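Note that ligands are numbered from 1 as they come in the structure, with each ligand's atoms numbered from 1 the same way. Keep in mind it's a predicted model, so treat the numbers as computed, not measured.
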Amino acid sequence: MADTFADVADVVSRFAAHGYLADQRLATTVFLQSRLGKPVLLEGPAGVGKTQLAKSLAEVTGRRLLRLQCYEGQDETTALYEWDYGKQLLYTQLLREKIGQIVGDAEGLTEAVGRIAAEESVFFSEQFLAPRPLLEAVRSEEPVVLLIDEVDRADEALEAVLLELLAEYQVSVPELGTYRAKREPYVVLTSNNTRDLSAALKRRCLHLSLDYPDAERELAIIQSKDTGLPAALARALIDVVRGLRELDLRKAPSISETIDWARTLAVLGATELTADLLAQTANVVVKYDRDLRRTLEVLPKLVDPNAELPGDAPGHSHGHGHEHGHSREPDHSHGPDVRAAKDEPGRHDEAYYGPSGPGRTQPAVGKSQGERSFNAHNARRRPV
Ligand SMILES: Nc1ncnc2c1ncn2[C@@H]1O[C@H](COP(=O)(O)OP(=O)(O)OP(=O)(O)O)[C@@H](O)[C@H]1O
Ligand SMILES: [Mg+2]
């Protein structure tokens with residue numbers, strides 16, 4: 001049946017058919033999810049395919065995708081449900097005459113209020129309920145994939161709200177009762193490790209740390225994206241990207257950046273990967289000035305291990321074809337505060353949000369985070 005998987009190999013091949021190349025660990029997790037009915041929690045750096053996994057799962061199983069994008073300060077009205085205040089107001093206007101009849105012959109305010117109160121459940125009925133993704137997932141007639149994206153950005157209070165859902169696939173609305181999913185949703189949670197998630201949340205999930213793929217799989221991913229870059233160049237490009245990932249960059253290039261770089265080089269008609277060409281296009285993959293400077297410094301060495309770097313002592317060219325040490329040496333261009341921050345757990349926060357990670361003096365919420373939260377919030381607001 002399209003909705004479940006026969007075995008792990010079935011997961012691998014069906015995801016591949018939809019352009020997602022899952023390794024054995026990931027495919028096993030997805031298979032177990034479909035059999036055990038447990039949510040999956042994917043943690044890992046930016047751009048390693050966490051969100052895409054949920055999207056592909058929806059495509060592969062033919063399920064509708066519901067997405068809850070988490071952000072700081074989010075409350076349950078954007079996650080669970082809201083009462084549609086605008087609609088309630090509209091109905092009271094339209095029903096003014098009827099309401100007038102109900103309270104018309106009431107003696108005094110107290111009696112009038114009492115009569116309205118007797119009717120108030122009308123305004124807290126399904127009619128006026130505005131379900132948000134979590135409730136929608138549970139109420140859906142058809143089985144869905146529920147993506148709870150970047151859950152580490154939400155506050156712990158929202159995490160608590162998630163617990164009931166994740167354990168029982170149910171949501172309680174005090175005025176209406178408890179909704180239980182008719183068909184269990186496949187739930188995928190993602191986290192960039194900006195903070196530790198609660199043990200209670202982790203316990204309810206199949207937990208998997210995703211990291212950058214090995215060179216072979218990354219090559220397969222690049223080739224599956226029809227970037228137009230010849231295979232030999234793609235292979236060389238991946239070696240360069242992997243070299244960059246070993247540098248102490250604030251934001252290491254992810255799979256999506258490798259794809260972008262390959263596309264860029266293909267558009268430019270590259271027939272050879274020279275350090276010059278890579279340097280001219282490095283801004284596609286490296287997004288911070290300091291990272292770019294560091295990248296430009298080491299590119300010649302990554303392309304050709306025999307290349308002389310400006311800082312190399314004369315005769316320092318080793319000529320035996322492997323990278324040793326340059327990419328791992330301490331990065332003096334980074335201040336000690338940055339280095340210290342990199343050693344803390346949750347370093348992806350910094351990689352992800354830039355200069356506002358732990359150990360920095362800026363406030364903990366990066367600008368981009370705020371903007372994305374704002375946009376995500378507004379995108380979900382219904383016109384009233
Ligand atoms: N295994 C894979 N197979 C095919 N494409 C992949 C794979 N992993 C990543 N990609 C590509 O990388 C892109 C980025 O992945 P995605 O947006 O899922 O990353 P993410 O882990 O959610 O990152 P972020 O933390 O920034 O949200 C995807 O759109 C997809 O094109
Ligand atoms: Mg994502």
Can you sort out which atoms of ligand 1 are near Gly47, meaning under 4.0 Å from one of its heavy atoms? 19 (O), 20 (P), 21 (O), 23 (O), 24 (P), 25 (O), 26 (O)
Looking at CG of Leu158 and CD1 of Ile148, how far apart are the two atoms once the value is rounded to the nearest 0.5 Å? 8.5 Å
Counting both backbone and side chain atoms, is some N or O of Val48 under 3.5 Å from an N or O of ligand 1? yes
Value for OH (Tyr179) from CZ (Arg139), rounded to nearest 0.5 Å, stands at 5.0 Å
Ligand 1 contacted by Ala22 (non-hydrogen, < 4.0 Å): no
Counting heavy atoms under 4.0 Å, the part of Lys55 that contacts ligand 1 is neither
Are Glu59 and Ser56 close enough that a side-chain donor and a side-chain acceptor fall under 3.5 Å? no
Tell me whether Ile259 has any N or O atom under 3.5 angstrom from an N or O of ligand 1. no
If only atom types and distance count, is the side chain of Asp75 paired as donor or acceptor with the main-chain N or O of Thr77 below 3.5 Å? yes
Can you tell me if Asn192 contacts ligand 1 (heavy atom of the residue under 4.0 Å from the ligand)? yes
May I ask you to check if any N/O/S atom from Thr51 comes under 2.8 Å of the Mg ion (ligand 2)? yes
Looking only at non-hydrogen atoms, which of Ile222, Asn193, Ile221 approaches atom 7 (C) of ligand 1 most closely? Ile221
With a cut-off of 4.0 Å, which atoms of ligand 1 are near a heavy atom of Glu150? 27 (O)
